[in-house]
Engineer: 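Here it is: the structure, laid out below.
The chains referred to below are lettered A, B, ... by the order of the sequence lines, with proteins before strands, and numbering in each begins at 1. No hydrogens, no waters, no symmetry mates; every other heavy atom, side chains included, goes into these values.
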Amino acid sequence: MSTHDIDHSLDSFGDSTASATRVTPGNALRPEDIAIAQAKPSEQVAEYALRLGDDALILAQRLSHWISRGPEIEEDIALGNIALDQLGHARSFLSYAAKVWDKTEDDLAYWREEEDFRSLHIVEQPNGDFGVTIARQLIISIYQHLLYTALLESSDPTIAAISAKAVKEVDYHRDHAIAWTLRLGLGTEESARRMRHALDVLWPYVGEMFEDEELHATLGDVAVAPSTLRAAWDQEFSAVLADAELALPTIPFAMARGRRGEHSEHLGFILAEMQVLARKHPGASW
Amino acid sequence: MATQQEGGGRLSAVLSPEEQAGQDRFNQIIAEDSRIEPRDWMPEAYRKTLTRQMSQHAHSEIIGMQPEANWITRAPSLKRKAILMAKVQDEAGHGLYLYSGTETLGTPRDELNDQLMTGKAKYSSIFNYPARSWADMGAIGWLVDGAAIANQVPLCRASYGPYGRAMVRICKEESFHQRQGFEILLELSNGTPAQKKMAQDAVNRFYAPSLMMFGPPDSDSPNSGQSTAWKIKRFSNDELRQRFVGMIVEQIKILGLTLPDPDLRFDAETGTWLHMDLDWVEFKAVIAGNGPCNAQRLQRRRDAHNEGAWVREAAAAYAAKMARKTEVA
């Protein structure tokens with residue numbers, strides 16, 4: 001029996017059998033399209049795209065570890081899907097950035113050294129228990145939703161187009177994180193205790209998300225200065241915590257300088273795992 | 001039913017008039033090649049056989065996520081990483097449809113999951129072999145998913161409606177997975193010498209276990225007769241194994257690799273492919289729990305379940321609170 005026969009024998013079952021992973025027209029922007037498009041960023045725009053791409057890539061790498069380890073199979077699927085969305089955003093931003101150096105998304109993901117990554121410390125933090133992962137998702141998804149919404153107005157058409165696709169997906173990530181924050185905050189004493197702990201563990205790394213760099217001022221309308229997202233983020237985040245009967249942590253922010261290539265101790269291990277196979281076979285294609 | 005009734009076609013004087021009518025209707029549906037639906041009367045043994053088969057299939061999807069999830073974080077390109085993540089997610093989805101299908105026969109998912117975690121229920125023994133290299137992602141897709149498709153396409157016509165319908169969707173996705181696996185191997189085979197070696201090594205390790213996925217030889221398959229009479233099973237283990245060998249023997253040529261089978265030849269007289277003797281002692285040992293990864297796979301499932309207990313309790317407590325609120329309002 002060939003695969004052709006299999007398809008043929010399934011034809012009679014009609015549209016109800018369409019794949020769950022089918023690409024819909026609204027999702028048509030692919031990293032491959034960006035890689036071959038004419039648009040090429042300036043070096044500074046590429047630096048900005050690296051920041052967006054690296055956050056998404058490292059978060060995807062972290063989240064993907066949940067697949068086959070979730071508290072329910074439905075959560076294996078949900079967290080896997082969020083990881084896959086983040087990976088898609090990362091691929092698009094990195095494909096775009098790579099063009100200025102005549103490289104590819106894979107050159108950037110697999111062949112850069114730790115200090116060349118521009119990710120935030122918050123995305124590098126270990127998954128912890130499900131509560132820590134949900135708290136990290138709540139922090140990040142509200143942030144990314146505000147950021148990508150603002151970037152719809154970016155004067156760089158590629159950044160705006162990637163953000164337009166990303167914002168729709170991150171909206172679901174935010175719904176997922178909010179729904180679980182409510183369940184865990186209001187569920188049992190144990191779950192509320194774990195959520196309080198999770199917020200304390202992650203809070204030190206929230207400050208870095210809103211720090212402006214010279215790059216933002218230089219890029220003007222292309223980028224969004226992170227400090228401008230702070231008030232809206234505070235309001236939305238506090239409202240969710242209030243609904244979940246969880247208090248805002250009062251812990252001070254840590255010095256975190258991921259944007260300058262000064263990372264947490266975790267990133268080295270994340271990259272060691274992610275890059276090991278590709279680096280064993282320099283020049284190979286997969 | 002007043003007595004354990006094994007056969008679907010045999011009539012017995014101990015059936016009540018309602019049961020007799022149910023049995024007659026069941027026999028008629030099977031004879032017409034129609035579908036049995038969840039609310040239809042069915043013999044207990046039919047229900048039991050299907051519950052066992054469908055839940056084993058669901059467990060295989062869930063356990064089968066592990067060897068592939070093992071490579072998500074190390075996938076050698078971002079595109080391959082995305083494809084692999086989507087594939088493992090599909091498997092979780094297949095597990096869910098199959099558990100839902102099994103629940104229509106009256107056994108809740110929690111109970112099925114307990115059977116898996118306690119080792120009472122089985123799953124496809126191939127997932128007890130380790131996925132040691134990236135090429136295993138290719139071999140698993142091409143050979144393991146390929147064997148699964150050969151087994152499952154006929155199940156799209158299984159007499160139990162929810163099973164047949166679940167299989168239609170699953171086969172569509174599996175067919176996609178098989179092509180992905182084939183493509184991984186093709187790329188490796190055309191790559192560097194080290195990549196090609198990796199691909200051949202993976203095919204060498206997965207060939208015999210994938211042939212064993214069709215189950216014991218027909219001469220040693222005690223349950224097959226009844227399943228065939230009930231039109232759950234449409235072809236024998238050996239017939240399906242044959243078809244599969246015939247398919248991969250052509251595809252391996254395109255891959256530029258070889259099948260590790262010195263006895264493989266086409267027998268023109270019978271029109272069948274003859275393959276090497278398979279190690280059924282090893283097969284039984286792996287099913288009995290002594291494969292390289294049985295303990296690891298089950299422990300991972302138990303850990304995920306136990307570590308998630310507080311999450312499920314919180315979700316249930318929250319749902320109960322919300323339900324009370326709605327009642328009051």
Engineer: Which residue out of A:Glu74, A:Arg279, A:Glu190, A:His65 racks up the most heavy-atom pairs below 4.5 Å with chain B?
Structural biologist: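 Of the candidates given, the most pairs with chain B belong to A:Glu74.
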Engineer: Run B:Arg312 and A:Glu75 through salt bridge (Lys or Arg N to Asp or Glu O under 4.0 Å) and show every step you take.
Structural biologist: CA-CA 11 Å; B:Arg312 295 189 300 276; A:Glu75 280 309 303; over 6 Å; no
Engineer: Do the non-hydrogen side-chain atoms of A:Arg69 and B:Glu307 ever get within less than 4.5 Å of each other?
Structural biologist: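 The answer is no; the side chains never approach within 4.5 Å.
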Engineer: Given the options B:Gln66, B:Glu313, B:Arg109, which has more heavy-atom pairs under 4.5 Å with chain A than any of the others?
Structural biologist: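 With the most close heavy-atom pairs to chain A, the winner is B:Arg109.
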Engineer: Can you tell which of B:Ala309, B:Ala304, B:Ala69 has the highest number of heavy-atom pairs within less than 4.5 Å of chain A?
Structural biologist: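 Heavy-atom pair counts peak at B:Ala304.
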Engineer: Considering only heavy atoms, which portion of B:Leu78 lies under 4.5 Å from any heavy atom of chain A: side chain, backbone, both, or neither?
Structural biologist: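 For B:Leu78, heavy atoms of backbone and side chain both lie under 4.5 Å from chain A.
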Engineer: Flag the one option from B:Lys79, B:Glu250, B:Met65 with the top tally of heavy-atom pairs under 4.5 Å to chain A.
Structural biologist: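 When all of B:Lys79, B:Glu250, B:Met65 are compared, B:Lys79 has the most.
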Engineer: Provide the closest heavy-atom pair for B:Arg301 versus A:Ser68 in the form atom of the first, atom of the second, distance.
Structural biologist: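 Looking at all heavy atoms of both residues, the shortest contact is NH2-O, 4.3 Å.
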Engineer: With respect to chain A, which residue among B:Arg300, B:Arg165, B:Met85 yields the maximal number of heavy-atom pairs within a distance under 4.5 Å?
Structural biologist: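 Looking at each of B:Arg300, B:Arg165, B:Met85 in turn, B:Arg300 comes out on top.
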Engineer: Salt bridge between B:Arg80 and A:Glu105, side-chain N to carboxylate O under 4.0 Å?
Structural biologist: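 Judged by the 4.0 Å cut-off on N to carboxylate O distance, B:Arg80 and A:Glu105 do not form a salt bridge.
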Engineer: Pairing donors with acceptors under 3.5 angstrom, does anything connect the side chains of B:Thr73 and A:Glu273?
Structural biologist: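 Per modelled atom types, B:Thr73 and A:Glu273 side chains form a pair under 3.5 Å.
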Engineer: Using a 4.5 angstrom heavy-atom cutoff, name the option from A:Ala278, A:Gly185, A:Gly88, A:Ser64 with the most pairs to chain B.
Structural biologist: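 The candidate making the most pairs under 4.5 Å is A:Ser64.
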Engineer: Name the option with the most non-hydrogen atom pairs under 4.5 Å to chain B; the candidates are A:Asp106, A:Leu57, A:Thr188.
Structural biologist: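 Looking at each of A:Asp106, A:Leu57, A:Thr188 in turn, A:Asp106 comes out on top.
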Engineer: Do you know which two heavy atoms are closest between B:Ala82 and A:Arg91, and how far apart they sit?
Structural biologist: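 Closest pair (atom of B:Ala82, atom of A:Arg91, distance): CB-NH1, 4.3 Å.
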Engineer: Do the side chains of B:Trp310 and A:Leu184 get nearer than 4.5 Å, heavy atoms only?
Structural biologist: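 Side-chain contact under 4.5 Å: yes.
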Engineer: Tell me, side chain or backbone of B:Phe182 under 4.5 Å from chain A's heavy atoms, or both, or neither?
Structural biologist: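 For B:Phe182, no heavy atom lies under 4.5 Å from chain A.
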Engineer: Can you tell if the side chain of A:Trp286 reaches within under 4.5 Å of the side chain of B:Ile184, non-hydrogen atoms only?
Structural biologist: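 Result no, sub-4.5 Å side-chain heavy-atom pair not found.
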Engineer: If we only count heavy atoms from C-beta on, is the B:Gln89 to A:Asp76 side-chain gap below 4.5 Å?
Structural biologist: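 They are not in contact (no side-chain heavy atoms under 4.5 Å apart), so the answer is no.
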Engineer: Can you find a heavy atom in the side chain of A:His281 that is under 4.5 Å from one in the side chain of B:Pro76?
Structural biologist: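 No, their side chains stay 4.5 Å or more apart.
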Engineer: Calculate, to the nearest 0.5 Å, the distance between atoms CE and CG belonging to B:Met322 and A:Leu182 respectively.
Structural biologist: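 Output value for this atom pair is 7.5 Å.
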Engineer: Hey, are the side chains of A:Gln61 and B:Lys81 touching, using non-hydrogen atoms and a 4.5 Å cut-off?
Structural biologist: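 Yes; the side chains approach each other to less than 4.5 Å.
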